[in-house]
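Starting from 1, each residue takes its place in the sequence as its number.
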Amino acid sequence: MVGAGTNVVYFGLFWLGWHFFEGTLPYLLVTALANFTTALLMYPAYRGFVFRSSTGWLRGFAKFYTVYLFGLGCSLVGMPLLIELLHTPVLVAQAVVIVLVPVASYLLHRFWTFRDPSHTTVDA
């Protein structure tokens, strides 16, 4: 539920930014702004609802946003490939990238950002 909401929030922010700043900001800058804003808005839901983390807010957000940077990197590589090489419209390119990133992002959050140290075993 939260993952789907994240994609809706991100695409909505990208759509608004693209239409509001079209012609003045490049689509990759709009992508970066939507990425950071979405992370700020969605971190509390992931921290409290999805992973029930007790990690400190700042440390947790730093790790959370590191994973978001992975998604941003995918967008910054994938969108120009789709737009410039395949002549895909900007909003369609963003939608395609959004479909490809969530599984990897979830796994990174699950096993790194919000890893529960009480479930970690150490072999002697």
Report, one line per pair, each donor and acceptor closer than 3.5 Å where one atom sits in a side chain of residues 34-44; sequence neighbours left out.
| residue | atom | partner | partner atom | Å |
| --- | --- | --- | --- | --- |
| N35 | OD1 | Y65 | OH | 2.8 |
| N35 | ND2 | Y68 | O | 3.1 |
| T37 | OG1 | L33 | O | 2.9 |
| T38 | OG1 | A34 | O | 2.7 |
| Y43 | OH | R47 | NE | 3.4 |
| Y43 | OH | W57 | O | 3.4 |
| Y43 | OH | F61 | N | 3.4 |

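- Follow the hydrophobic side-chain contacts under 4.5 Å out from V8 and you never reach V92; the two are in separate clusters.
- Among the candidates I83, L82, T31, the single residue satisfying the side chain to side chain contact (heavy atoms under 4.5 Å, CB included) test with V90 is I83.
- Both F49 and Y10 belong to a common hydrophobic cluster when Ile, Leu, Val, Met, Phe, Trp and Tyr are linked at side-chain heavy-atom distances under 4.5 angstrom.
- Listed by chain and residue number, nothing satisfies the side chain to side chain contact (heavy atoms under 4.5 Å, CB included) test with L58 (two or more places apart in sequence, or in another chain).
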- Query: Do F70 and S75 pass the side-chain contact (heavy atoms from CB on, under 4.5 Å) test, and can you show the C-alpha distance, the side-chain angles, and the key distance before you say yes or no?
  - Reply: CA-CA 9 Å; F70 166 77; S75 291; over 6 Å; no
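- Rounded to the nearest 0.5 angstrom, T88 OG1 and L85 CG are separated by 9.5 Å.
- Hydrophobic clustering places F20 together with L29 (ILVMFWY residues linked when any side-chain heavy atoms are closer than 4.5 Å, directly or through intermediates).
- Residues L86 and V97 share a single hydrophobic cluster, defined by chaining ILVMFWY side chains whose heavy atoms lie under 4.5 Å apart.
- Residues satisfying the ring-ring contact (aromatic ring centres under 6.0 Å, His included) test with Y46, not counting sequence neighbours, are F64, H109.
- Within the model, atoms OG1 of T66 and CG of L72 stand 12.0 Å from one another, a figure rounded to the nearest 0.5 Å.
- Identified under the side chain to side chain donor-acceptor pair (under 3.5 Å) test for residues 16-27, with sequence neighbours left out: W15-H19, Y27-E84.
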